[in-house]
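Below: the structure, in structure tokens.
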Amino acid sequence: MCIPFYACSNGEEALLAVVTGMALHVEIVAGIRNGLYYLHPRFRFDGEETDENPELLFLKVTGDLSPSAIARRYRRYQLERGACRSLKERAKKYPVLAEAAMGPEVRIRLAWKPVPSPVPHQTEENEPPIHVALTFQQVEELIDEFHRQKIEHAEFCLVGWNKSGHDGRFPDLFPVEPLLGGEEALCRLIRKTRDYGYLITGHANLVDSYTIAKRRRDEFMLMQKDGSKRIFGTWGGGAAYYLCPQMAHEQFALHDMPELRKLGFRGIQYYDVMTSRVPEACFDPRHPLTRKRAGEWRGKTLSLARETLGGSGSEGGLDFCIGDFDYVLYVMSAYRNPLPEIADEEFPFWFVVYHGILLYNAFCSTVNAMIKKDPARELEAWETGSRPLAYFYSRFMADGNDWMGLEDLRFDTRAQMEQCVARIRKNYERYRELAPLQFEQIHSWESPAEGIAEVVYENGNRFLVNKTGRVWNGLLPYSYRLESASPSPGKTGKQCSMEKIG
């Protein structure tokens, strides 16, 4: 569960149930028995010891019983107890956050090995070849083009700058991959990027560990109850062994963060996987952790990244350490998932709760929304309050399992690169009007008709989206309109249409 609560209403009042104890062990059960709905939490211990009890906090909601009101009540609970602070408030201390909110996140995958790896347990002797998509020098050309096309605000995240490329030898980062130009070329790229006024960081990972890593030690691994090591998939570096979150922080994060700052990185530092998967217990008697404690250590790592480099981000929207990070790569996989038979509709609770608290891209399907053939993808990004995410070489899987979509940004030729930046530029022009809303919370989200969304912000601004092929109340097909809380006389707001990309 991204957010550990559930609610029910009888039409006169609603009850919001917040899971406050063992929230990382809970799942929600819903069904119908004898014509009545039932809804309750189920706590799974899975044989684990725990230092907390299952606990629920019940909050009554009266008056407005809409899903938006339920979401606002949970947001209020999170803010009042200090679990998180608004983006507007945090940006006063961490100016990187205000800078990042004004432009797109641009991720650039530089180099990688085959994924899934044909060699699950790699050594220096059997390591598969590294594919180089872009060198640091070529990224300089890309940055120059952003500046030439007058994209004033952007944050660049280099994916695969480290030894052996993306997922190459984690937890090892250094030396900087020589095939890309090495450390001197990386530092030159960072200086140029910052001279233009852009933010720049490097993708890192402190969840996975590969056998080829020189810093890998068995005693740093997460141990399962039966004494085995936990493996999560086979990626570029081979079989990905989970690191114990405490060991990851103490043995690697404390050392690596100052080194990243020395390179010149400044921005929202990205650590993969941290908030996309529920933290797991570690049964190693040298550093045992419950799920809750494992989550706290992940939060410490993300908080350290913020203090060291200006901000921190990760992959998913789990809120167990919501106060420790600032950006989500994608909150969930897709919009309008197939619903179970018991469900009538889907409601975007997460976005109503956390918009104005976190920066984020909503879905895997809204990565590279500016080049997607379906114009609804870009509209879904705006509807959910997303910060634009452009990803060069998002497709890299050898088995074709490209979960971010088939449309991709590439730099195979200079002309191709210039066209890609032009698409980002057009998207950026639309976003400039919407960027100030990143610092506002959402008051309500409604769907007055199929394919139509109405999002009202706490400052009174009203955002209308038409994702259909027909006109609705004067709103053109595949278009949106932002209406100010205090519009000029006779004006209803700017209307902007999305065009289909061939």
Donor-acceptor contact below 3.5 Å, side chain [X] vs main chain [Y]:
| X | Y | value |
| --- | --- | --- |
| R291 | L24 | yes |
| N361 | F363 | yes |
| T275 | G317 | no |
| D326 | S312 | yes |
| Q269 | G202 | yes |
| H287 | E219 | yes |
| T193 | L189 | yes |
| T290 | R293 | yes |
| T234 | S117 | no |

Validation row: [X], [Y] side chains within 4.5 angstrom (heavy atoms):
| X | Y | result |
| --- | --- | --- |
| Q138 | F411 | yes |
| T50 | F45 | yes |
| W161 | E177 | no |
| F156 | I143 | yes |
| M404 | R395 | no |
| I424 | F146 | yes |
| L79 | C84 | yes |
| L389 | P104 | no |

Check the side chains of [Y] and [X] for a donor-acceptor pair under 3.5 angstrom, ignoring hydrogens and angles.
| X | Y | answer |
| --- | --- | --- |
| R109 | H166 | yes |
| R277 | Y242 | yes |
| R261 | T308 | no |
| Y270 | E105 | no |
| Q441 | Y457 | no |
| K300 | Q246 | no |
| E378 | N427 | yes |
| H121 | T211 | no |

Between E48 and K225, is there a salt bridge with N-O shorter than 4.0 Å?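 E48 and K225: not salt-bridged.
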Could you tell me how the ring of [X] sits relative to the ring of [Y]: parallel (under 30°), tilted (30 to 60°) or perpendicular (over 60°)?
| X | Y | answer |
| --- | --- | --- |
| Y428 | H153 | tilted |
| W112 | Y393 | tilted |
| Y480 | W382 | perpendicular |
| H249 | W297 | tilted |

Between [X] and [Y], does the ring centre distance come in under 6.0 Å?
| X | Y | answer |
| --- | --- | --- |
| Y241 | F232 | no |
| W445 | F351 | no |
| Y360 | Y354 | no |

Distance under 6.0 Å and angle within 45° of ring axis: R107 vs F392: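 No - R107 does not lie over the ring of F392 by the 6.0 Å and 45° rule.
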Charged tip of R387 within 45° of Y431 ring normal and under 6.0 Å: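 The answer is no, since R387 fails at least one limit relative to Y431.
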Looking at every heavy atom in both [X] and [Y], which two are closest together, and how far apart are they?
| X | Y | answer |
| --- | --- | --- |
| S68 | H443 | CB-O, 3.7 Å |
| L56 | P41 | CD1-CG, 4.0 Å |
| Y77 | V18 | CE2-CG1, 3.7 Å |

Determine whether H25 and F43 satisfy the following criterion, ring-ring contact (aromatic ring centres under 6.0 Å, His included), listing intermediate values before the conclusion. CA-CA 5 Å; H25 295 257; F43 295 88; 8.1 Å; no
Any chance NZ of K426 has more than 12 other-residue heavy atoms, nucleotides or ligands included, within less than 6.0 Å? no
